[in-house]
Amino acid sequence: MTRESMEFDVVIVGAGPAGLSTACRLMQQANDAGEELMVCVVEKGAEVGAHILSGAVVEPRALNELFPEWQTLGAPLTVPVVEDQIYYLKNSKKSIKIPNALAPKPMHNHGNYVASVGNVCRWLAEQAEQLGVEIFPGFAAAHIIYDEESGRVAGIGTGDMGVDSDGNAKDNYMAGMDLLAKYTVFTEGCRGHLGKELIKKFALDEGKDPQHYGLGIKELWEIDESLHQPGLVLHGAGWPLSESGSTGGFFLYHGDNNQVVVGLITDLNYSNPNLSPYDEFQRMKHHPLISKYLSGAKRLSYGARAIAKGGLNSLPKMTMPGALLLGCDAGTLNFSKIKGTHTAMKSGMLAAEVLFPELMKKDQGGHDLVQYHEHFKQSWLYDELYKGRNFGSLLHKYGTFVGGMLNVIDQNIMRLPFTLRDPQPDYLCLKPTSECEAIEYPKPDGKLSFDKSSSVFLSNTNHEENQPCHLHLQDASVPLLNNLPMFNEPAQRYCPAGVYEVLDNEDGSPRFQINAQNCVHCKTCDIKDPAQNITWRVPEGAGGPNYPNM
């Protein structure tokens with residue numbers, strides 16, 4: 001069937017902080033200059049914010065620049081941080097409170113806000129539409145369109161709807177559309193599947209460290225009013241991850257309406273294939289420091305998402321002919337602050353300031369906007385990422401204690417006079433099961449800890465039945481022939497949604513099962529699979545989680 005096409009000046013893939021900030025800043029400039037621009041944003045979630053998951057403590061620096069009057073415009077940043085508390089969990093019962101003076105300065109949150117980034121994106125989308133941006137939720141950017149002659153990026157194609165698992169058209173079949181543009185901006189979030197393709201095709205990561213990742217798992221709870229302290233921010237490290245020889249950290253933020261968000265970030269460079277980030281998070285909630293807030297409370301929502309934390313050392317070239325790669329799709333998150341919203345927004349605002357004068361030339365576009373990199377280097381965004389460039393590498397190389405102490409020196413006292421590289425990809429860090437200790441996780445109690453199926457239910461995840469599996473195995477034999485004997489098929493454990501299972505056939509032989517309908521689009525399988533055999537692709541538009549207030 002012939003696909004229809006539409007032409008725009010700029011097509012933006014992903015209605016997250018980076019994409020919406022790009023759109024808003026573009027239209028602000030156009031409106032100020034009395035020029036007309038056609039800018040559209042495509043979003044695979046059923047609505048803007050449906051797939052947005054973050055801690056989150058938001059630093060308003062970029063928002064102050066984009067919308068100086070954001071408070072009077074009703075931006076959903078209403079809970080200022082009033083206190084930081086940082087802890088080291090020694091074991092399942094004890095913790096040590098770290099004086100704020102001994103914490104790296106980027107972890108101090110004075111002037112920031114506890115917020116839902118999903119709600120921030122919903123508000124940004126309202127501002128964008130008022131400025132004249134067209135936003136298309138429920139449409140997944142399935143593939144990149146390249147110009148046949150020059151090879152430049154010429155736009156994207158949205159996925160077909162109503163295709164069965166064998167690739168045949170169903171009764172409700174609707175062909176996707178080609179959205180063509182002078183420039184296409186990719187802001188899909190961490191490990192975007194199109195961004196991954198662009199990085200490889202244009203060798204954007206040449207000379208860079210591989211990107212490094214963490215898996216963030218988060219829950220939203222409604223707690224007793226007497227325990228609620230709006231603006232209280234807790235961070236920490238140690239148990240339970242330290243018990244399994246891995247690293248990461250927890251967070252617990254008090255928002256509004258007697259709600260708290262609690263979560264655990266597990267660094268995906270862990271080596272023990274028996275580790276389950278989901279189960280580490282569930283048992284972490286039983287620590288007295290956490291359980292004192294959650295006991296007797298009501299769990300409202302659940303979600304999981306990978307975060308790109310390689311920082312400046314892993315940041316690829318962000319331009320190519322006809323396109324830019326921005327925000328967490330490129331990896332602009334500042335891991336030393338555990339924040340990526342303000343950095344993603346700024347990357348998009350910088351892009352808009354480079355794009356607008358190019359669009360005013362009224363040519364066919366499609367150039368490699370290499371001037372973006374100089375613009376980027378002159379910004380506070382680059383300065384911030386440069387100062388934090390060693391943060392993750394120090395923790396990876398020297399561990400929580402020594403690495404943490406070196407980070408305090410680097411961030412608080414004197415800048416270390418070197419750049420520490422981290423060249424090993426996360427997926428290569430797994431050791432064979434035979435070399436690792438088994439990990440026994442307690443059964444969930446249904447009060448503080450829960451099984452995966454009940455958690456996925458709270459994520460409101462839904463995919464249209466009988467559609468092609470969006471989790472593609474390059475070689476279907478690898479899970480059982482390679483990963484199972486070597487690593488006891490770690491996909492069973494690193495997936496926080498129960499997508500991957502190894503089950504027994506009637507004759508006792510194993511089979512590898514993919515429950516794609518459970519997928520919360522965290523991208524961990526695409527990152528951590530030791531054979532790099534799993535490729536995450538977009539399912540039918542509007543499929544996946546639907547996060548409220550997350």
Side-chain angles (χ1 to χ4, degrees), residues 10 12-26 41-45 48-49 51-67 70 75-77 106 112-113 115-125 127-128 133 185-192 194-195 198-199 211 213-214 216 265 305-312 314-316 318-319 323-355 372-373 375-376 379-386 388 523 547 550:
V10 178
I12 298 171
V13 182
L20 291 170
S21 296
T22 305
C24 288
R25 188 72 192 105
L26 267 173
V41 179
V42 291
E43 164 57 42
K44 64 184 175 67
V48 173
H51 290 177
I52 298 292
L53 188 74
S54 181
V57 172
V58 176
E59 180 175 319
R61 186 173 187 178
L63 185 59
N64 289 338
E65 296 177 3
L66 185 60
F67 291 107
W70 60 265
L77 274 68
N112 299 333
Y113 293 81
S116 159
V117 177
N119 289 340
V120 171
C121 288
R122 292 179 178 99
W123 179 84
L124 282 172
Q127 310 312 306
V133 177
V185 177
F186 293 87
T187 57
E188 308 161 278
C190 174
R191 194 73 169 196
L194 300 181
L198 292 169
I199 290 171
Q211 186 59 265
Y213 301 90
I265 298 172
R305 189 69 170 93
I307 64 172
K309 61 187 188 66
L312 190 65
S314 302
L315 197 65
M318 298 163 73
T319 69
L324 295 100
L325 184 69
L326 305 174
C328 288
D329 213 352
T332 59
L333 180 138
N334 183 348
F335 188 51
S336 68
K337 290 185 174 182
I338 325 175
K339 292 177 181 62
T341 302
H342 70 293
T343 55
M345 290 180 66
K346 184 62 175 177
S347 74
M349 293 157 63
L350 292 170
E353 289 161 7
V354 169
L355 278 166
Y372 175 83
H373 297 278
H375 203 49
F376 170 71
S379 71
W380 59 255
L381 173 56
Y382 177 84
D383 183 59
E384 187 174 305
L385 294 180
Y386 181 80
K523 311 293 182 67
Y547 295 132
M550 293 280 271

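Nearest heavy atoms, Ala15 versus Leu20: O-CD1, 3.5 Å.
With sequence neighbours left out, Ser336 forms a side chain to side chain contact (heavy atoms under 4.5 Å, CB included) with Pro106, Asn334, Phe391. Residues satisfying the side chain to side chain contact (heavy atoms under 4.5 Å, CB included) test with Ala344, not counting sequence neighbours, are Pro17, Ala18, Thr332. Shown here are the side chain to side chain contact (heavy atoms under 4.5 Å, CB included) partners of Ala330, two or more places apart in sequence or in another chain: Leu315, Pro316, Met318, Leu325. Evaluation of the side chain to side chain contact (heavy atoms under 4.5 Å, CB included) rule for Ala351 yields Leu324, Leu326, Tyr372 as partners, not counting sequence neighbours.
By the 4.5 Å heavy-atom criterion applied to side chains, Val354 and Thr319 are not counted as neighbours. A heavy-atom distance below 4.5 Å is not found between the side chains of Leu198 and Asp329.
Pairs engaging residues 338-349 under the salt bridge (Lys or Arg N to Asp or Glu O under 4.0 Å) rule: Glu65-Lys346 [sequence neighbours left out].
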**Derivation of the side chain to side chain contact (heavy atoms under 4.5 Å, CB included) call for Cys190 and Arg305** = CA-CA 8 Å; Cys190 174; Arg305 189 69 170 93; 4.0 Å; yes

**Request:** Apply side chain to side chain contact (heavy atoms under 4.5 Å, CB included) to the pair Leu385 and Phe376, showing each step before the final yes or no.
**Result:** CA-CA 11 Å; Leu385 294 180; Phe376 170 71; 4.1 Å; yes

Would you give me the side-chain donor-acceptor pairs under 3.5 Å for residues 51-63, sequence neighbours excluded?
unit_1 : atom_1 : unit_2 : atom_2 : d
His51  : ND1    : Lys44  : NZ     : 2.8
His51  : NE2    : Gly543 : O      : 3.1
His51  : NE2    : Pro545 : O      : 3.2
Glu59  : OE1    : Lys337 : NZ     : 2.8
Glu59  : OE2    : Lys337 : NZ     : 3.3

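Checked by atom type and distance alone, the side chain of Ser21 never pairs as donor or acceptor with a backbone atom of Met349 at under 3.5 Å. With Lys523 contributing its side chain and Arg191 its backbone, the two residues share a donor-acceptor pair below 3.5 Å. Using modelled atom types, no side-chain atom of Gln211 and backbone atom of Ala308 make a donor-acceptor pair closer than 3.5 Å.
To the nearest 0.5 Å, atoms NZ (Lys309) and CG (Leu333) are separated by 10.0 Å. Atom-to-atom distance recorded for Thr187:OG1 and Met345:CE is 12.5 Å, nearest 0.5 angstrom. Taking CZ from Arg122 and CD from Gln127, the interatomic distance works out to 14.5 Å, rounded to the nearest 0.5 Å. Rounding to the nearest 0.5 Å places CG of Leu350 at 11.0 Å from CG of Leu355. Rounded to the nearest 0.5 angstrom, Glu353 CD and Leu26 CG are separated by 9.5 Å.
The aromatic rings of Trp380 and His342 lie parallel to each other, their planes meeting at an angle below 30°, with 60° marking the opposite boundary.
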